[in-house]
Amino acid sequence: MRKHSSLNFPEIALARVLDALEEDLIHASDEEIQGAAGDLGMNLAMKGSAAFIGLRSPGSARLPDFFDLENLTQIRGEIKGLALVNRSGRDPTDR
Amino acid sequence: MTPRLIKIMSPLPKLTDNRVLRPAETALALDLISRMDFLRLKSIARWHARGLPADVTWDDLLQEAITRVLVGSRQQPEGITTVAFLAGIMRSLRSEHWRRMRQGPGAAETLHLDQQRDLSKEPALRDPAPDPERSLMAREGLAAIDALFASDPVALQIIAGLAEGRTAAQIRSGAGITKTGYESARKRMRRALLREGLTCENIRP
């Protein structure tokens with residue numbers, strides 16, 4: 001746990017750390033990048049190296065990439081309705 | 001698989017669509033950046049994505065920054081490298097997303113592609129009043145950074161000093177670290193950041 005006073009303003013503290021270390025990444029040499037890739041077992045000479053994910057393909061998959069969220073929400077609503085019927089023993093839409 | 005389930009599942013997207021060039025790929029094709037620059041930028045994007053809302057990824061930051069340069073909404077000043085310039089745009093985007101979080105839902109439309117303001121010259125944090133949710137996210141971000149350097153006590157001292165806004169000399173004298181010790185720790189930290197930056201694992205704490 002951090003003991004310094006930056007805990008009072010964690011957002012400012014985080015911004016300071018991010019900005020300070022960004023400089024290190026801007027000035028990283030090719031050799032350092034290759035070394036880091038080597039640590040991970042990545043071969044940067046390979047065309048399909050995992051290091052280059054984000055260049056030709058999205059860096060991360062999201063739910064809408066795989067599901068039609070509108071339909072999913074509708075079905076969830078229907079399932080909720082069915083659960084209510086099961087719990088009460090009768091259809092909640094019957095008055 | 002039931003027809004119902006098939007209905008809600010979109011066809012699996014191809015990982016690579018050869019018909020569409022992504023902004024980073026375009027920048028590479030136009031020789032704006034090299035392949036090694038892309039890796040630097042990817043590491044920087046992953047670094048800046050810490051503490052951002054869940055709907056924003058490092059990929060969004062990177063592609064958006066490159067898009068702004070490609071469409072000419074941000075112009076590179078002379079004497080600044082492309083990597084430094086793109087890093088500055090990502091920093092601005094991060095500040096903008098934090099501002100959006102402060103303003104609450106519905107503020108997303110403030111982030112326009114054709115924005116001409118130089119956000120990097122604006123204060124990153126206008127309202128320092130702690131908000132519980134944002135504070136929690138920032139704390140988690142700081143904790144994740146601490147975890148990244150957990151096995152390196154000197155690096156942790158440096159991180160704590162940077163978080164306090166101290167200079168290198170102040171950190172060295174405060175923590176009793178020699179200049180050589182400080183430089184080697186920064187080198188180790190850079191290597192760790194690059195390792196983290198080259199992966200594609202989830203960076204959220």
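Computed from heavy atoms alone, side chains included, the values below leave out hydrogens, waters and symmetry copies. Every value quoted in this text rests on a predicted model; they were computed, and no experiment measured them. A note on names: the letters A, B, ... follow the listed sequences, proteins ahead of strands, and every chain is numbered from 1.
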Fill in: Salt bridge present between A/Asp30 and B/Arg35 (N-O < 4.0 angstrom)
no
Practice prompt. Please look at B/Leu198 and chain A and tell me whether the side chain, the backbone, both or neither of the residue comes under 4.5 angstrom of a heavy atom of that chain.
Written response: both
Worksheet item: Would B/Arg91 and A/Glu22 pass as an ion pair if we require N to O under 4.0 Å?
Response: yes
Practice prompt. Tell me, for A/Ala37 versus chain B, whether the close heavy atoms (under 4.5 Å) come from the side chain, the backbone, both or neither.
Written response: both
Discussion item. For chain A, which candidate among B/Val83, B/Ile44, B/Thr81 shows the most heavy-atom pairs at distances under 4.5 Å?
Written reply: B/Ile44
Discussion item. Tell me the closest heavy-atom pair linking B/Ser135 and A/Pro10, and the distance in Å.
Written reply: O-CG, 3.7 Å
Worksheet, complete the sentence: So CG of A/Leu14 and CD1 of B/Ile145: to nearest 0.5 Å the spacing works out to 5.0 Å
Worksheet entry | CD on A/Glu23 to CZ on B/Arg186, rounded to 0.5 Å | 9.0 Å
Worksheet item: Does a sphere of radius 6.0 Å around CZ in B/Arg166 hold more than 12 heavy atoms from other residues, nucleotides or ligands, not counting ones at 6.0 Å or beyond?
Response: no
Worksheet item: Of all heavy-atom pairs between B/Trp47 and A/Leu25, which one has the smallest distance, and what is that distance?
Response: CB-CD1, 3.9 Å
Worksheet item: Relative to chain A, which segment of B/Leu28 carries a heavy atom at a distance below 4.5 Å: side chain, backbone, both, or neither?
Response: side chain
Worksheet item: For B/Leu142 and A/Ala13, which heavy atoms make the closest approach, and how far apart are they?
Response: CD1-CB, 4.0 Å
Practice prompt. Let me know if A/Leu21 has heavy atoms under 4.5 Å from chain B in its side chain, its backbone, both or neither.
Written response: both
Item to complete: Decide yes or no for A/Asp19 and B/Leu162: does some side-chain heavy atom of the first lie under 4.5 Å from some side-chain heavy atom of the second?
Response: no
Worksheet item: Which atoms form the tightest heavy-atom contact between B/Arg190 and A/Asp24, and what is the distance?
Response: CD-O, 2.9 Å
Worksheet item: Which atom pair, heavy atoms only, marks the closest approach of B/Trp98 to A/Ala15?
Response: CZ3-CB, 3.7 Å
Worksheet item: Which bit of B/Met90 is near chain A, if near means a heavy-atom gap under 4.5 Å: side chain, backbone, both or neither?
Response: neither
Worksheet, complete the sentence: The reported gap from OG in A/Ser29 to CG in B/Leu194 (rounded to nearest 0.5 angstrom) is 8.5 Å
Worksheet item: Of the listed residues (B/Gln63, B/Lys42, B/Lys187, B/Met189), which shares the most heavy-atom pairs with chain A below a 4.5 Å separation?
Response: B/Lys42
Discussion item. Looking at A/Arg16 and B/Gly161, would you say the former's side chain and the latter's main chain have a donor-acceptor pair under 3.5 Å?
Written reply: no
Worksheet item: Mind checking whether A/Leu18 and B/Arg94 have side chains closer than 4.5 Å, heavy atoms only?
Response: yes
Item to complete: Nearest 0.5 Å please: distance from the OG1 atom of B/Thr199 over to the CD1 atom of A/Ile53.
Response: 9.5 Å
Discussion item. Measuring only between side-chain heavy atoms, which start at C-beta, is B/Met36 closer than 4.5 Å to A/Leu44?
Written reply: yes
Practice prompt. Keeping the roles fixed (side chain from B/Arg191, backbone from A/Glu32), state whether a donor-acceptor pair exists under 3.5 Å.
Written response: no
